[in-house]
Each structure stands twice: as C-alpha cells, then as structure tokens.
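Comments concern the structure below.
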Protein chains: 2
Amino acid sequence: MGGPARLKVIAERLNLSQSTVSRALNDYQDISDRTKRLVRAAANELGYQPNMHARRLALGKSETLGYVMPWQDRQVTEAFLSELMAGMAKALAGYGWDLTVLVPHSVAEELELFQRIARTRHISGLVISRTYSDDMRFGVLRDLQIPFVSHGRSNHCDETAWLDVDNELAFAEMTTYLAGLGHRRIAHIAGPEVYNFARQRRTGWRRGISEAALDPASAPLEETELSFEGGKAAMVRLLALDPPPTAVCCVSDVVAIGAMQAIRDAGLVPGREISLVGYDGLEIGAWIEPPLTTMSQPQRSAGRQLAEMLISLVEGTTGPADNQELVRASLVRRGTANPPISGWPESRQAVRQTTRANSGGVDS
Amino acid sequence: MGGPARLKVIAERLNLSQSTVSRALNDYQDISDRTKRLVRAAANELGYQPNMHARRLALGKSETLGYVMPWQDRQVTEAFLSELMAGMAKALAGYGWDLTVLVPHSVAEELELFQRIARTRHISGLVISRTYSDDMRFGVLRDLQIPFVSHGRSNHCDETAWLDVDNELAFAEMTTYLAGLGHRRIAHIAGPEVYNFARQRRTGWRRGISEAALDPASAPLEETELSFEGGKAAMVRLLALDPPPTAVCCVSDVVAIGAMQAIRDAGLVPGREISLVGYDGLEIGAWIEPPLTTMSQPQRSAGRQLAEMLISLVEGTTGPADNQELVRASLVRRGTANPPISGWPESRQAVRQTTRANSGGVDS
DNA sequence: GTTGACTCCGAAATCGCTTTCGGGAAGGGT
DNA sequence: ACCCTTCCCGAAAGCGATTTCGGAGTCAAC
C-alpha cells in the first residue's frame with residue numbers, strides 16, 4: 001500500500017507504533033512474543049528490508065569494512081587478491097556487512113583516505129596488506145582510532161591485530177628441504193627489505209642454512225624487485241657466480257618463474273642443474289614446464305579470518321592483541337626441486353675454463 | 001571544539017544556521033559569495049567531511065556501486081579481476097563514490113541479492129560480468145529497476161548498457177592472421193556456449209575460416225571448460241584427429257596454456273608443429289616457454305569506463321541504450337604463432353601408419 | 001511613501017531507523 | 001482498598017545531512 005516497505009508501513013498495517021515494530025524486529029525483551037510473531041510475519045510478507053543509511057545513521061556504525069588494495073607491485077598481488085576479497089566478502093555477507101574496495105595510488109592518498117574515514121566513519125574498519133617492516137600506517141591508524149587488521153606483520157604490531165603466514169618458518173623449512181635433498185649451495189633471491197615479509201623470508205632462509213650446518217659463504221643472496229624481470233635478472237647474477245648455487249629459494253612464485261627463464265636461457269634445465277622453490281602456491285606454477293615446486297598459503301580462509309577478526313574488533317568484542325594469528329605455509333612438491341646432479345657445475349666450469357683459455361683468460 | 005566537525009559545529013562557529021552552511025557547501029545560488037568563502041574556509045580548517053549515512057539518507061541515493069564477482073570458473077577471471085576492480089574503484093573515488101564487492105555463490109543467492117538491493121537501495125547500481133547468451137539477470141534487474149551495466153553482452157542487451165570487446169572480430173582477425181601465415185587447418189578450442197563471449201568467439205573463428213576461404217571440413221572445433229585441464233584435454237582430442245590441425249585458436253589464455261602442455265606431452269613443440277593463439281593477454285603468457293601469442297583487451301580502462309557509464313546511468317544523465325561500448329582487442333605477437341613447418345603432420349602419419357601396420361591395423 | 005523585485009539567510013520539516021522515557025494495564029501482596 | 005511490581009507498548013527525541021518556505025533587509029521605481 002504505502003509504497004516500499006518502511007517501518008511505518010508495517011506499523012500502520014498492524015496498528016502498532018513504529019518504535020514497537022523496530023524493537024520487535026530487533027528482538028527487544030520488552031515486546032511480547034505474540035507481537036514479535038505478528039511483526040515478523042508482516043515484515044516477511046512485505047519483504048521488508050531496513051534502509052541501511054537510516055539504520056547506520058541512527059546506530060552510528062557503518063557495518064562496512066574496507067580493503068585497502070596494494071597500489072604497487074601489482075604483479076605479485078594480483079594473483080590471489082580476488083580470492084582473498086571473495087573470502088572476505090563472503091564472510092561479511094553472513095553478518096550483513098559490506099566490503100568496499102579502496103585503491104589509493106600513493107602514500108599521500110592513502111593517508112588522506114585514512115583521514116577521511118576517520119571523519120566520516122562511513123567505513124568502520126580496514127584491512128591493510130603489503131605491510132612494510134617499518135610501516136607508518138600502524139601509528140596513523142592507531143592515532144585516528146580506526147580499527148584495523150593487517151595482512152602481514154610489521155615492526156610495530158605487538159598491540160595490533162594481524163594475520164600472517166609464518167614466513168620465517170616456511171623459508172627455514174624450504175631451505176632444510178633442499179639441504180635434505182643434498183644441496184650444499186643454496187641461494188636466496190630476496191625481495192626488497194622494506195617489505196616485512198621479504199625480511200622474514202630472508203631470515204628464515206638464513207636460519208635454514210645455519211640449521212643445516214651449511215657454509216654461509218656458499219649461500220649467496222640476491223635482492224630484487226618482486227617481478228618476473230627482477231627474478232630473471234637476479235638469477236642471471238647468481239649464474240655468474242663461481243661456483244653458482246645448485247638450489248635457489250625464491251621470495252615468490254613470480255620471481256621464481258623469472259629465475260626459471262634465466263636458467264633456461266643459460267642452456268640449463270630448472271630442477272636439474274639448479275633446483276628452485278617458489279612461494280605463494282600460484283596455480284600458474286603447475287602449468288609451466290617443469291612445474292614449479294612452491295610453498296602455498298591458504299588464501300581462501302585468510303579472507304574469512306581477516307573479516308571475522310575485524311568485525312570482532314569493531315564490535316569491541318575483543319581487543320587488537322587478541323587477534324593475532326599465525327598460519328603455516330605448506331610445501332607443494334612439483335618438479336623443480338630435485339637432488340643435485342653430479343658433474344655440475346664442474347662440467348660447466350670445465351667448459352668455462354676452456355673458453356677462458358681460448359680467449360686468453362687464466363683461472364686461478 | 002564541538003567534537004568532530006559536523007555541520008552544526010561549523011554553523012555555531014560562524015554564527016550561521018546549519019542550513020546556510022549546508023547550502024553554502026553545496027554551492028546554492030541564494031548564498032552570498034562572501035558567506036560561501038567563509039564557510040568553505042571553516043570547513044577546510046576543521047577538516048569537515050559530511051557524514052555519508054546522513055547525506056545518503058537525506059538524498060535518497062547511496063553513491064555506491066556494486067561489482068558482482070563471478071562466482072564460478074574462478075580460474076579464468078581471477079587474472080584480471082583485481083585490475084578491473086582497481087580501475088573501477090579509482091574512477092569512482094574521483095566522484096566520491098564507493099565500490100562494494102558482492103559475491104553470491106549461486107544463482108539463487110544472486111537473485112536474492114538483487115531483491116535485497118532493490119529494497120534497501122543501499123547500492124545504487126551494479127556491474128555484472130560473465131554474461132550468458134541467455135541471461136535472466138537482464139530481465140530481473142530491469143524489472144527491479146536497478147541500474148546496471150554488464151561487462152559483456154547477451155541476447156537481450158539491446159536496451160541495456162554494456163561494455164564488451166568485439167570478440168567476434170578478434171577471433172576473425174586471429175584466424176585470418178594464422179591463415180596469412182600459411183595455415184590451412186585451423187582448429188578452435190571453444191568455451192561453453194552458454195557464455196556469450198564463448199559463442200561470439202566461436203562465430204568469429206568461423207567467419208575467419210570462411211573469409212580466408214578455408215575448407216570448413218578441416219576446421220575442427222572442440223568445446224571445453226574454461227580451465228587449464230579443459231584446454232589440455234581438448235588439445236589431446238585435436239591431436240588424435242587425422243590429420244590434426246596445424247594451428248589452434250584458443251578461447252582463453254588459460255585454455256591455451258593447457259593446450260600447450262598437451263602438445264608438449266605429445267612430443268611436439270608449441271609454435272612449431274602446431275601454432276597457438278590465446279586470448280586475454282595475460283602476463284603469464286609471456287613467462288612461459290615459448291611465450292604465448294595472444295590477443296589482449298584493455299582491462300585497465302575497462303574498469304573506468306564501466307564505472308563512468310554506471311554513474312551516468314544512476315544519475316539519469318544518459319539512458320541505458322546510450323551506454324553501449326564496443327572495444328577492440330589487439331594481437332600480441334609472441335612465440336606460439338608461426339608459419340606451418342613442412343613435413344608435418346605427414347611425418348607423424350607415416351609413423352602412425354607404421355605403428356598400425358605393426359599392430360595389425362589397416363589404413364583405408 | 002507604498003509597492004515591488006531581489007538578495008540573503010533562518011526555522012523547520014524530512015529521510016527511516018534506534019532508543020530512552022514514561023505511563024497504562026494487569027497482577028500480587030499487605 | 002492501597003501500593004508496588006511486572007509486562008507491554010506509544011510518544012518523542014535524536015542521528016546529520018538536505019530542502020522547502022517564508023521573512024528580513026536593501027534598493028529602485030512609481
């Protein structure tokens with residue numbers, strides 16, 4: 001009758017007051033069961049859905065979470081972003097909450113965004129990702145009193161909520177695994193140390209080297225950007241070493257795939273002369289030749305967990321420090337991690353010495 | 001002074017009324033320039049941001065767009081989803097609008113979602129993707145009077161807004177290109193015909209075959225799911241033909257990568273015995289060996305266009321039929337499309353005949 | 001000097017929902 | 001008969017913006 005189903009319409013229809021209807025729907029204790037049943041039936045019949053804006057205005061909450069998309073190094077994050085977001089959105093939908101996507105394009109824009117959110121409060125909590133080792137966002141968000149959970153730790157996250165993979169453990173295990181296959185010269189292609197996860201992975205690799213009692217001197221590290229080209233270039237540098245490593249721990253799958261190309265370009269076969277392990281567990285890795293051995297982290301559930309942690313934070317059910325979760329990555333054995341082959345790199349060195357001799361070079 | 005910067009605070013500070021301040025900020029004509037300047041200065045100084053919920057409640061609009069994530073065939077869409085969404089979010093941010101992510105997990109859930117949006121109106125427009133040839137969503141959304149634009153056409157989109165790539169043209173060009181290289185038996189690994197884009201690509205391939213005056217009888221088509229495994233299986237079937245095709249147009253890059261593996265498994269080299277062209281322009285394609293020739297569509301700008309079309313629709317500036325845009329895909333020459341090599345597949349057939357003779361088979 | 005047009009601003013209603021406060025009706029105890 | 005609970009529900013005041021309506025003031029014109 002009265003247009004779309006507002007609270008008022010239901011009230012008039014049942015000869016009740018608006019406030020009674022509202023409280024009935026919200027299951028207040030001071031409304032009789034009979035009335036509640038009546039109201040609910042009517043609401044159902046009319047297909048009533050509360051006006052979100054009115055509700056949120058009155059409540060002072062927004063029931064909306066924001067996901068801050070990483071605005072650089074698109075390459076790496078792209079792969080699992082959509083899956084993560086789908087996980088979050090699905091979990092939120094269960095509570096009637098919404099997920100909005102924020103895409104700042106610079107640090108300045110990101111800070112401006114935070115300011116705006118702090119003022120308008122039209123987003124009641126944030127998920128940030130791509131955390132830096134020294135990440136100013138933690139302080140800013142704390143000062144602005146915006147509830148947030150970070151996907152990845154940082155130096156100042158003792159008192160904040162976060163969900164992270166145990167990168168250090170993962171890379172320690174990865175290194176140990178390679179050592180167990182018989183490798184003695186295990187290199188690491190690392191990411192920029194500003195990224196906390198890159199630093200953690202570095203540390204994990206070092207730990208693995210030392211736990212396997214390998215000689216640190218034969219464990220070279222090459223830092224690179226998180227991209228295909230970066231991985232390729234880093235691998236070229238590793239191949240130029242004398243002797244080169246027989247195995248490489250790569251900071252990410254994309255970097256590992258770049259490294260694979262460098263290996264092929266050198267006339268070698270990834271997983272034969274040089275073993276490789278990536279990180280991320282991307283599906284792509286299984287499609288290439290040879291398929292990339294990697295460590296995978298559970299992206300599907302991560303989204304859900306982030307969402308639930310943040311809701312509980314916003315609602316005040318739990319404190320930030322109660323929401324710190326560390327998950328494990330698991331090794332996915334495919335084709336690029338095998339025992340070292342004999343005769344390499346000695347054979348190459350022989351070739352090289354010959355070449356050098358031919359060109360007048362002399363080996364020590 | 002008075003807590004966060006509400007309209008009221010500014011008013012009191014300037015000894016003005018709330019309504020004056022509001023109209024000043026919204027640039028009403030009946031406010032003097034001097035007052036406007038004063039108000040704006042104060043607002044700026046206090047860092048005023050309007051409360052979205054109050055504003056949207058009063059306005060009756062939500063200034064929020066929804067992107068309906070495709071809830072199946074995750075594999076394919078994943079690759080460019082995040083880029084598309086980033087494009088949308090960025091464009092929307094310019095207008096002060098938000099983007100929320102909707103992830104229905106079944107047709108029923110999707111319809112329910114539409115109903116809810118129609119009632120609450122807390123999302124004022126939708127972008128839908130993954131359109132079917134016969135897509136009931138078009139009718140439903142029209143009936144519910146929810147403004148929307150589809151990323152991809154359908155059978156009933158004459159009166160609706162859409163942004164689509166000219167799939168047919170792309171595949172006609174792709175086929176022509178292969179024919180120009182000298183191929184005479186050009187196959188197509190097609191996607192499920194329920195997807196409109198899959199049907200369009202099929203049609204384009206057929207057109208290319210006929211325009212190049214090739215024999216339709218030697219232009220086999222294999223339908224498959226949009227996945228790596230699907231592409232691989234389809235290619236296996238194509239390889240079993242006698243004679244097999246010398247070139248294949250693949251409905252997507254992922255399918256093409258699957259096909260490449262089947263080719264390798266058969267002891268052949270993609271791009272040598274059998275040429276391949278994919279579609280989507282994924283970066284991954286450039287990372288594999290040999291790099292995949294493909295056709296790329298501009299994802300970066302697509303998001304922006306979708307957002308702008310939808311805003312204009314919601315605002316009523318333009319009608320649905322005014323917002324139909326067809327963009328072109330462009331060929332990305334990499335390594336898997338080359339002229340056919342001589343001696344193949346005749347050589348293979350010889351081998352096969354021998355085999356058959358040995359096992360007692362007889363050729364007609 | 002009354003009228004009229006025009007400029008600029010304030011009061012108040014409105015959007016739809018939540019929540020506090022208070023009061024009527026029913027019931028139980030002295 | 002009176003008082004005090006307890007159980008329900010209605011009235012009304014927000015939430016923070018927008019927008020309509022009308023009125024105070026200025027100035028020119030007749």
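Chain letters run A, B, ... following the sequence lines, proteins first and then strands; every chain starts at 1.
Separation of atoms OG1 (Thr318(A)) and CG (Leu313(A)) is listed at 5.0 Å; rounding is to 0.5 Å. Atom-to-atom distance recorded for Asn323(B):CG and Ile311(B):CD1 is 11.5 Å, nearest 0.5 angstrom.
Across the protein-nucleic acid pair, Leu57(A) atom CG and dG14(D) atom C1' stand 9 Å apart, rounded to whole Å. As a whole-Å value, the separation of Arg37(A) CZ from dC8(D) P is 12 Å. In this structure, the CZ atom of Arg34(A) is 14 Å from the P atom of dA26(C), given to the nearest Å. One can place NE2 of His122(B) at 15 Å from C1' of dG16(C), the figure rounded to the nearest angstrom. Summarising the geometry, the separation between NZ on Lys8(A) and C1' on dA11(D) is reported as 15 Å, rounded to the nearest angstrom. Between Lys61(A) atom NZ and dG16(D) atom P the separation is 16 Å, expressed in whole Å. Rounding to whole angstrom units, CE of residue Met52(B) and C1' of dG16(C) are separated by 19 Å. As rounded to whole Å, 19 Å separates atom P of dC15(D) from atom CG of Leu7(A).
Ranked by how close their nearest DNA chain D nucleotide is to the 5' end, Lys36(A) and Ser19(B) are led by Lys36(A).
For the pair Asn155(B) (side chain) and Ser133(B) (backbone), a donor-acceptor distance under 3.5 Å is present. A donor-acceptor distance shorter than 3.5 angstrom exists from the side chain of Thr120(A) to the backbone of Arg116(A), with no hydrogens or angles considered. A donor-acceptor pair under 3.5 Å links the side-chain atoms of Gln324(B) to the main chain of Asp158(B), judged by distance alone.
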Would you sketch DNA chain C in dot-bracket for me? Only Watson-Crick or G-U wobble pairs with both distances under 3.5 Å count, crossing pairs as [ ], other-strand pairs as |, the rest as dots. ||||||||||||||||||||||||||||||
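Using a 4.0 Å cut-off, no side-chain N or O of Thr20(A) falls inside it from OP1 or OP2 of dC9(D). In this model, the phosphate group of dC15(D) is not approached by any side-chain N or O of Arg56(A) to a distance below 4.0 Å at OP1 or OP2. One finds a side-chain N or O of Arg55(B) lying less than 4.0 angstrom from the OP1 or OP2 phosphate oxygen of dT18(D).
Here Arg55(B) pairs with Glu63(B) in a salt bridge; the nearest charged N to carboxylate O distance falls below 4.0 Å. The existence of a salt bridge linking Asp33(B) and Arg40(B) is excluded, since no basic side-chain nitrogen approaches an acidic carboxylate oxygen closer than 4.0 Å.
Listed in residue order, the members of residues 21-33 of chain A having a heavy atom less than 4.0 Å from DNA chain C are Ser22(A), Arg23(A), Asn26(A), Tyr28(A).
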For side chain to side chain donor-acceptor pair (under 3.5 Å), just list the numbers for Ser124(A) and Ser62(A), CA-CA rounded to whole Å, side-chain angles, deciding distance to a tenth of an Å, and then say yes or no. CA-CA 6 Å; Ser124(A) 44; Ser62(A) 69; 3.1 Å; yes
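Using a 4.0 Å heavy-atom cutoff across all strands shown, Leu59(A) reaches sugar-phosphate atoms only and no base atom.
Screening Val9(A), Asn26(A), Leu16(A), Leu38(A) for a side chain to side chain contact (heavy atoms under 4.5 Å, CB included) with Val21(A), the sole residue that qualifies is Leu16(A).
Side-chain proximity of Leu16(A) to dG16(C), dG10(D), dT18(D): nearest is dG10(D).
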